[in-house]
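Report on one structure; see the data block that follows.
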Amino acid sequence: MSNWVERREFIPVSETPAEMPEGIAAKYYVRWPGRFHEITQDNVKRIMKNLRSGNWMDIYLYHEDDEEGDYLDLETDGTLYNLSYGEDMGQIWWSTYDPEYVDSDEETDIPHSDGQSIIYRETTTADKEAVMTAIEYFIRTGKLWDGIPWMKRWEEKVEE
């Protein structure tokens, strides 16, 4: 008999976080409900300004304009930030986390853009600047920035 078991791994901040490169790797963004917009060199500063100023409380970043594949998403209430990354069609999930709330079932007041999901305190951070840097880094590289701690989750089939 086998069961699915949730696994977690905590990835700490790198001693020397990667510097911000130029270029664009994540090609599209969407804010729900909405349509896809192309990310260009000309609008990266506007996107980041809207996020930093709190004009935008959510954003999803994609490599393609069809909601397929890897994505990075932000949900915030302006004080706590939930940044998550899905890969392998949602089989592996990465998120920011707060070590003080790991394994806590405490819910936040962050409204999820889908209108129904609950965001738990465990998967949030109050470090706005690190979150903003991680978002811009993802736009420019398509990869997770190592200057913010990440919690990686996946499910594994375990034989008993």
Side-chain angles (χ1 to χ4, degrees), residues 3-14 17-18 20-21 23-39 43-44 47-48 50-51 56-78 80-99 101-158:
N3 288 319
W4 287 97
V5 176
E6 182 180 286
R7 302 286 189 200
R8 291 192 302 188
E9 178 182 354
F10 296 93
I11 294 86
V13 173
S14 173
M20 191 67 63
I24 302 290
K27 303 285 187 192
Y28 300 94
Y29 75 92
V30 65
R31 299 187 53 250
W32 299 111
R35 60 183 176 79
F36 279 85
H37 301 276
E38 186 174 1
I39 299 173
N43 68 7
V44 170
I47 291 167
M48 295 309 303
N50 280 315
L51 291 169
W56 293 358
M57 303 303 265
D58 68 86
I59 192 167
Y60 287 72
L61 302 168
Y62 292 91
H63 297 290
E64 304 295 331
D65 64 353
D66 58 6
E67 296 183 42
E68 298 293 324
D70 301 354
Y71 66 90
L72 183 77
D73 102 79
L74 169 71
E75 305 283 351
T76 183
D77 63 2
L80 292 175
Y81 300 83
N82 171 261
L83 190 61
S84 60
Y85 172 72
E87 66 177 306
D88 289 339
M89 300 302 290
Q91 300 298 313
I92 301 173
W93 177 67
W94 302 72
S95 71
T96 50
Y97 73 96
D98 187 328
Y101 290 89
V102 170
D103 295 326
S104 165
D105 290 334
E106 183 177 327
E107 298 177 11
T108 68
D109 292 328
I110 299 172
H112 197 285
S113 56
D114 70 9
Q116 62 188 12
S117 295
I118 297 169
I119 296 174
Y120 292 94
R121 183 65 174 88
E122 171 185 55
T123 63
T124 64
T125 182
D127 190 343
K128 177 181 179 178
E129 281 311 307
V131 167
M132 294 301 138
T133 302
I135 290 169
E136 185 172 357
Y137 188 82
F138 185 82
I139 289 172
R140 298 196 178 281
T141 67
K143 298 175 183 170
L144 296 179
W145 185 54
D146 61 359
I148 196 168
W150 294 100
M151 176 172 47
K152 179 181 177 182
R153 290 183 177 194
W154 69 97
E155 287 192 348
E156 233 173 60
K157 200 171 194 176
V158 177

What one should report as the nearest heavy-atom pair of Ala26 and Leu61 is CB-CB, 4.4 Å
Drop me the distance from Arg121's CZ to Tyr101's OH, to the nearest 0.5 angstrom. 4.5 Å
Pairs in or reaching into residues 132-141: which pass side-chain hydrogen bond (donor to acceptor under 3.5 Å, both in side chains), with residues at least two apart or in two chains? Gln41-Arg140, Glu136-Arg140
Is the closest side-chain heavy-atom distance between Tyr97 and Pro149 below 4.5 Å? yes
Please work out whether the ring planes of Trp32 and Phe36 are parallel, tilted or perpendicular, with thresholds of 30° and 60°. perpendicular
Rounding to 0.5 Å, atoms CD1 (Ile148) and CD (Glu129) come to a distance of 11.0 Å
So which heavy atom on Asp77 is nearest to which on Leu80, and how close? OD1-N, 2.8 Å
Quick one: does Asp146's side chain have a donor or acceptor within less than 3.5 Å of a partner on Ala18's backbone? yes
Going by distance alone, is a donor N or O of one side chain under 3.5 Å from an acceptor N or O of the other, for Asn82 and Thr123? yes
Under the criterion side-chain contact (heavy atoms from CB on, under 4.5 Å), I'd like the reasoning laid out for Val102 against Glu122: C-alpha separation, chi angles, the key distance, then a yes or no. CA-CA 5 Å; Val102 170; Glu122 171 185 55; 3.9 Å; yes
Shortest non-hydrogen contact from Gly147 toward Ala130: O-CB, 4.5 Å
Leu51 CG to Met48 CE distance, which is reported to the nearest 0.5 Å: 5.5 Å
Among side-chain atoms of Asp70 and Tyr85, is any donor-acceptor pair under 3.5 angstrom? yes
Considering all heavy atoms, the nearest Met151-Phe10 contact: SD-CE2, 3.5 Å
Any side-chain heavy-atom pair from Leu72 and Leu144 closer than 4.5 angstrom? yes
Which heavy atom in Ala25 sits nearest to a heavy atom in Gly142, and how many Å separate them? CB-N, 3.3 Å
Heavy-atom donor-acceptor pair, Arg31 side chain to Ile59 backbone, under 3.5 Å: no
Hey, mind stepping through Ile47 and Trp56 against side-chain contact (heavy atoms from CB on, under 4.5 Å) and telling me if it holds? CA-CA 9 Å; Ile47 291 167; Trp56 293 358; 4.0 Å; yes
Tyr120 to Glu107 - nearest heavy-atom pair and separation: CE2-CG, 3.7 Å
How long is the gap from CG on Leu83 to OG on Ser95, to the nearest 0.5 Å? 8.5 Å
Could you tell me whether a side-chain N or O of Asp127 sits under 3.5 Å from a main-chain N or O of Tyr81, the two making a donor and an acceptor? no
Does Lys152 count as lying over the ring of Trp154, i.e. NZ or CZ under 6.0 Å from the six-ring centre, within 45 degrees of the axis? yes
Would you say Trp145's side chain and Met20's backbone share a donor-acceptor pair under 3.5 angstrom? no
Spacing of Tyr71 atom OH and His63 atom NE2 [to the nearest 0.5 Å]: 12.0 Å
Start with the C-alpha distance between Thr124 and Thr76, add both sets of side-chain angles, then the distance that settles side-chain contact (heavy atoms from CB on, under 4.5 Å), and finish with yes or no. CA-CA 9 Å; Thr124 64; Thr76 183; over 6 Å; no
Point-to-point distance, once rounded to the nearest 0.5 Å, from CD1 of Ile110 to CD of Glu75: 8.0 Å
Show your reasoning for whether side-chain contact (heavy atoms from CB on, under 4.5 Å) applies to Asn3 and Val158. CA-CA 5 Å; Asn3 288 319; Val158 177; 5.6 Å; no
